[in-house]
Asks: 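Next up is a structure, given as structure tokens.
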Amino acid sequence: MALRTDSPLQATVAHRGRLLRFSGDPGTQDEPSAYQYLDDGLLLIADGKVAAVGPAGELLNGVAAGVPLIEHRDALLLPGFIDSHIHYPQTDMIASGGTDLLDWLTHYTFPEERRFADAGAAREVAEFFLDELMRNGTTTAQVLGSVHRASAEAIFAAAEARGLRLIAGKCLMDRNCPDDLRDTAIDGERDTRALIEHWHGRARLHYAITVRFAPTSTNAQLQSAGRMARDYPDTFIHSHLAENLGEVAWVRELFPKSRSYLDVYEHYGLLRERAIYAHCIHLDTTDRERMAATGASCAFSPTSNLYLGSGLFDLAACDAVGMNYALATDVGGGSSFSMLKTMSEAYKVAQLQGQRLTPLRAFYLATLAGARILGLADRIGTLSVGSEADFIVLDLKATPLLERRIARCQSLSEELLVLMTLAPDHAIRETHVLGRPMLSAHGPSLAT
Ligand code: GUN
Ligand code: ZN
């Protein structure tokens, strides 16, 4: 169907369907000013950006002649999901066991990451990994590479070719790991600076200075990371923090003078805005207050925390001090690429602690919250006019059970809970990056 002719709103394409987007955190009470839900919405795209968004009834008459209109029946349009912490070299060892974090790292993770010394292997996995993000409706991710510079090169090059907004970095790790996965403070800094110079700010890419976690870096390397974070203030800082009790005890032994695990990072100048730490489970109030005060944020990774038995992230304690967090899969410690499954597990983590994660807030944590902690909310995660048109189309009838259960829903909130609980991976019917379909409707083919 073509649109009416007598109006000035220019666009490459118009998408019509139900639409949900956030402008703020709906909190625990579903704050109405934090989101917009349209039963019949219209999203107009021009030059890869959102040209207009609003009720179809109001906008349709104003659209220029000949603009193709795509009708999404029984579907919900959303900003693309944002995964704030994921390891691409762990794609092929997802769903490996292990008794706990340190055992899992030793027996599964480190052996797998050796493969990424080979640029060809890194490129092959990077392509599969990005296909998987597209299949799951994730349009931006913050990605750890392995220690190898080639691993970061491979994921950046693959993301650039697809036009993705993506943050990545090579891991810094110069102790307490296998010899063939070890860099040095000097080599790690040389490679990181070279990668920043080449990739940071190129196309839609950003660099994250990536200390793997405090136990695998010497004081010299932590100092080096802090130096680079100061020299390149608009880069990201990406690491792990207080995931597992054995790990926390180990950090206490390795850094006896530090008040806490978090204090190690603070000492080396690694807390600031765009500093993102995965997990943050075993923190105290002072730690959470320091995170909030410095602008550092947490990547809450529920499937990983449950799979590795690490513990329960305390949402309420973070909210109480204004510490920011967003959702993450943490594949391959995490057991799924799906942000829908991740929301569902986050909901259960809250339930187990007598806390409440509303479905609306879960969708916020998978979209705008990620953009906010990454400092990218002016570009992605809102679908507001002028922002980048990364969005997805969620099929509300993806399975017979989903269709049947959705038909009984009385409210948006109920529908969202049903969706995050029951929607299978293929409920992501389409994934669009800068307005271009990367995962096409009704078929598995991926545009690259
Ligand atoms: N801590 C240090 N490395 C890792 C990793 O690869 N995964 C997780 N979940 N935690 C870590
Ligand atoms: Zn991780």
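Treat the numbers as computed from the prediction; the structure is a model and nothing was measured. Numbering of ligands and ligand atoms starts at 1, following listing order.
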Asks: Geometry only, no angles: is E113 polar-contacting ligand 1 at N/O separations under 3.5 Å?
Replies: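 Between E113 and ligand 1, no N or O pair is found under 3.5 Å apart.
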Asks: Considering distance alone, does some N or O of W104 sit under 3.5 Å from an N or O of ligand 1?
Replies: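 No: no nitrogen or oxygen of W104 is under 3.5 Å from one in ligand 1.
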Asks: Measure centre to centre between the rings of Y88 and F116, then say whether the value is under 6.0 Å.
Replies: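 Aromatic pair counts; centres sit under 6.0 Å.
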Asks: In ligand 1, which numbered atoms sit nearer than 4.0 Å to a non-hydrogen atom of D330?
Replies: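 Within the 4.0 Å cut-off of D330, ligand 1 contributes 8 (C), 9 (N).
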Asks: Are any of the side-chain nitrogens in E127 or R123 under 4.0 Å away from the carboxylate oxygens of its partner?
Replies: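 No, no charged N to carboxylate O under 4.0 Å.
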Asks: As a check for students: among H279, E243, R212, identify the option with a heavy atom nearest to atom 6 (O) of ligand 1.
Replies: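 Selected option, by shortest heavy-atom distance: R212.
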Asks: For D284, does its backbone N or O pair with a side-chain atom of D287 as donor and acceptor, under 3.5 Å?
Replies: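 Yes, D287 side chain to D284 backbone: donor-acceptor pair under 3.5 Å.
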Asks: Give the atom numbers and elements of ligand 1 that come within less than 4.0 Å of a heavy atom of Q90.
Replies: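 Close to Q90: 5 (C), 6 (O).
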Asks: Taking only heavy atoms of H87, which atoms of ligand 1 are found under 4.0 Å from at least one of them?
Replies: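 Listed by number with element, the hits are 5 (C), 6 (O), 7 (N).
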Asks: Is the shortest side-chain N to carboxylate O distance from D180 to R114 below 4.0 Å?
Replies: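 Salt bridge present between D180 and R114.
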Asks: Side chain, backbone, both or neither: which applies to L105 and ligand 1 if a contact is any heavy-atom pair less than 4.0 Å apart?
Replies: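 The answer is the side chain.
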Asks: Judged by atom type as modelled, is there a donor-acceptor pair below 3.5 Å linking the side chain of S146 to the main-chain atoms of H148?
Replies: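 Such a contact is found between S146 side chain and H148 backbone.
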Asks: Take atom CZ in R227; do more than 12 heavy atoms of anything else shown fall under 6.0 Å from it?
Replies: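 Result for CZ/R227: enclosed.
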Asks: Please classify the L101 to ligand 1 contact at 4.0 Å (heavy-atom distances, strictly less than): side chain, backbone, both or neither.
Replies: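 The answer is the side chain.
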Asks: Between Y325 and F313, is the gap from one ring center to the other below 6.0 Å?
Replies: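 Yes, they do, as the ring centres are separated by less than 6.0 Å.
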Asks: Side-chain contact test, heavy atoms from C-beta onward, threshold under 4.5 Å: evaluate it for R21 versus V53 and give yes or no.
Replies: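 In short, these two side chains touch, coming nearer than 4.5 Å.
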Asks: Answer yes if the ring centres of H238 and H206 are under 6.0 angstrom apart, and no otherwise.
Replies: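 Ring centroids of H238 and H206 are no less than 6.0 Å from each other.
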Asks: Given E415, which of R405, M420, R18 fulfils the side chain to side chain contact (heavy atoms under 4.5 Å, CB included) condition?
Replies: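 Of R405, M420, R18, side chain to side chain contact (heavy atoms under 4.5 Å, CB included) with E415 is met by R18 alone.
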Asks: From the Zn ion (ligand 2), how many protein N/O/S atoms are found at a distance short of 2.8 Å?
Replies: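 Under the 2.8 Å cut-off, the count stands at 4.
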